[in-house]
Trainee: 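Before I ask anything, here is the structure I am working with.
Chain A is the first sequence line, chain B the second, and so forth, proteins listed ahead of strands; every chain is numbered from 1.
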Number of protein chains: 2
Amino acid sequence: MPDQKSGQDTRERILDIAERLFMENGYEATSMRMITGAAEVNLAAVNYHFGSKEALLREVFRRRLSWLNGERLVALDKLEAQAGGAALKPSQILEAFFGTLLRMGEDESLGGMTFLRLLGRTLTEPAEFIRTFFAGEYAQVIDRYKLALFRALPDVPKAEIVWRLHFMLGAMSYAIAGTDVLQVVTGCGLGDLAGEGGSDGAGDTALARRLAQRLMPFLLGGLRAPLPQLLDVAHKPAVTHDGAGVQIHDSGINAQNQ
Amino acid sequence: MPDQKSGQDTRERILDIAERLFMENGYEATSMRMITGAAEVNLAAVNYHFGSKEALLREVFRRRLSWLNGERLVALDKLEAQAGGAALKPSQILEAFFGTLLRMGEDESLGGMTFLRLLGRTLTEPAEFIRTFFAGEYAQVIDRYKLALFRALPDVPKAEIVWRLHFMLGAMSYAIAGTDVLQVVTGCGLGDLAGEGGSDGAGDTALARRLAQRLMPFLLGGLRAPLPQLLDVAHKPAVTHDGAGVQIHDSGINAQNQ
DNA sequence: ATAAAATTAAAACGAACGTTTGAACGATGC
DNA sequence: GCATCGTTCAAACGTTCGTTTTAATTTTAT
C-alpha cells in the first residue's frame, strides 16, 4: 500500500482529528499543535489548507452540516409530496428533522456520535464567528420546518411553536452532548442506560439508536403539551408565582393513542 | 461616599464581572486581564483572592449554586411535608426544581439572567475540572429529585425517568443559554417573542418570567409522554428505522385537563 | 524530461496567556 | 510611636498561542 500522505489525504486527516479534538476539549482549548500533532502533519498544514483556525472549525462543520441539512430538506420534500397538499403530522416533521440528525450518530462515515456531540456543544459557544456561521448554515432548513410546524399545528400560536422549537433543539442538543456531561450531574449516565459505556466503537451507534427511541416521544409530548395560560406580565407577583398560570395535567402517563 | 475600594469589595466586584464575562465569552476566551481590567482591579488580585483562574470560576458558581440547590431542597422538603407521605405530583416536582432556577433569572441580586445563561453554557463545557465540580454541587439535589420523580411516576421505568430528566435539563439549559444563541439559528429570537430584546435591564426579568410560563408545560408534556415501544437493539435496521417502535399520538394539542 | 504548481518541512515571529515576585500601601492593635 | 497583617501595585516570569516565512520536496502538466 502507498504511503498514507498523498496530498488530499492531509486535509481529511486534519478534519477528522480536529472534529474529535474540538469535541473533546472545545474550540478555544484545542490548539493547532494538538491537532497537527495528533494528525501527524506539519503545523503549517492547517493554515495552508484552511487559512486559519476559525476557518478550520467552519470547514469541520460545513462538510457535515451541508449533508445533514440537505437530507433534512429532501426528507421534508418527500413527506410533503406524499401528503399532497395536506398538512403533515407533527411526528412526521420531528422524525424528519431529528431522526435525520440522530441517524448520523449511527454512521461513522458521517461523523458518528463524535460529530453529534461536537454539534451539541458548539451550539452554545458564544464566539461571534461561530454563531453567524451557524445562522447561515441553518437558515433555510429552520425556515422550512418552522412553516411545516405552523401548518401542522394551526391552532397553536406561532410564537408558541417557535418557543417549543427552541426547547426541542435544546433537549436534543443536551441529550447528545450530555451523554458524557450530564451523566456526571445526574449521577446516572445514558451510556450506562444504553448498555455500554465506551465513547467510541460499536457502543456509540447503539447509543444513538436508543437515544432516538427515547427522545422522539419526549419531544412530541412537549410539542403537543397544553398551552400555558399567559398572565398579565406587567403585574409583578415577584417572589412566588408558584405555578400560577400554568394549567397542567398531572395524572400518570398520557394515553398511548389518544 | 467612601472610595469603592474597601477590601472585601474587590472580591465581589471580581466575581460579578467574571460572571458576566464568562457568560459572554466562555471560560477559555475570557482572560484574567479582561476580568481585572473591567473590574478595575490589579491583575494579581484574582490570584490573591481566589488562587487561580479555575478557582475563580468555581467560586463564581459556588456562591450561586449553593443558594439555588439549597432552595431546591427546601422546596422539596416543604412539598413532601405538605403531602404527608403521599407521592408528589410531577408538576409540583418540576415547579420546585425548574421554577426555583427560573426565579433566579428575575432577581438581579441572585445573578439574574446573566448567571442563568452562564450556567446553561457551562454545563456543556468539556473541561474536566468543571464537570467534577458540577458533579459535587448537584449530587445531593439530583438524587433527591430523582427519587421524588420515581415515586411520582411509579409505572414508568426508572431508566426512562432518568432519560427524560436529561431531556428536561437540556431543554431548560438551551432555552436559557439560547435566548441569544438559538435565536440566530431559528431566526426568531425569544427576546423578540418576549417583547423586549435587551440583554440587560428590566427586559431580562420579564424574559425569565415568560420563559418559565412557556417551559413548564413543555417539560411536563415531555415527562408524561407515552413510553416508547423499545425495539430489539441487537437487530440492526441500519439505515431507515423511520419512527418504527415509537408509537405516538398525532392529533392537535393534548387536552388541557385530562 | 522539465517547468510549473502544489504541498510539506523547519524555524521563527510577535502577542497574549496564567502566574509569581517583592515592594509599597493602609488600616489596626498595642 | 512602631510592628503587623491583609491588601494592592507594577513589573516581570516562562510558556504557549496562531500565524508567517523561506526553503525543500513532491506532484502535476506539457
Trainee: Can a side chain N or O of A:H49 be found less than 4.0 Å away from OP1 or OP2 on C:dT8?
Mentor: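 Yes.
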
Trainee: According to ring-ring contact (aromatic ring centres under 6.0 Å, His included), does anything in residues 16-36 of chain B pair up with another residue at least two apart or in another chain? List the pairs.
Mentor: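 For residues 16-36 of chain B: B:F22-B:Y27, B:Y27-B:F129.
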
Trainee: What integer distance in Å separates A:Y48:OH from C:dA11:C1'?
Mentor: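 For the pair A:Y48 OH and C:dA11 C1', the rounded distance is 19 Å.
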
Trainee: Not counting sequence neighbours, which residues clear side-chain contact (heavy atoms from CB on, under 4.5 Å) with A:A44? List them please.
Mentor: A:N42

Trainee: CD/A:E137 to OG1/A:T132 distance, rounded to the nearest 0.5 angstrom?
Mentor: 11.0 Å

Trainee: Using side-chain heavy atoms (C-beta onward) and a distance below 4.5 Å, is B:R72 in contact with B:L101?
Mentor: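 Yes; the side chains approach each other to less than 4.5 Å.
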
Trainee: Report the distance from atom CG of A:D9 to atom P of C:dT7, rounded to the nearest whole Å.
Mentor: 12 Å

Trainee: Do A:R164 and B:F218 meet the cation-pi criteria used here (NZ or CZ under 6.0 Å from the six-membered ring centre, within 45° of the axis)?
Mentor: no

Trainee: Using a 4.0 Å cut-off on protein heavy atoms (strictly under), produce a 5'-to-3' string for nucleotides 13-20 of chain D with B for base contact, S for backbone-only sugar-phosphate contact, and - for none.
Mentor: ----BBBB

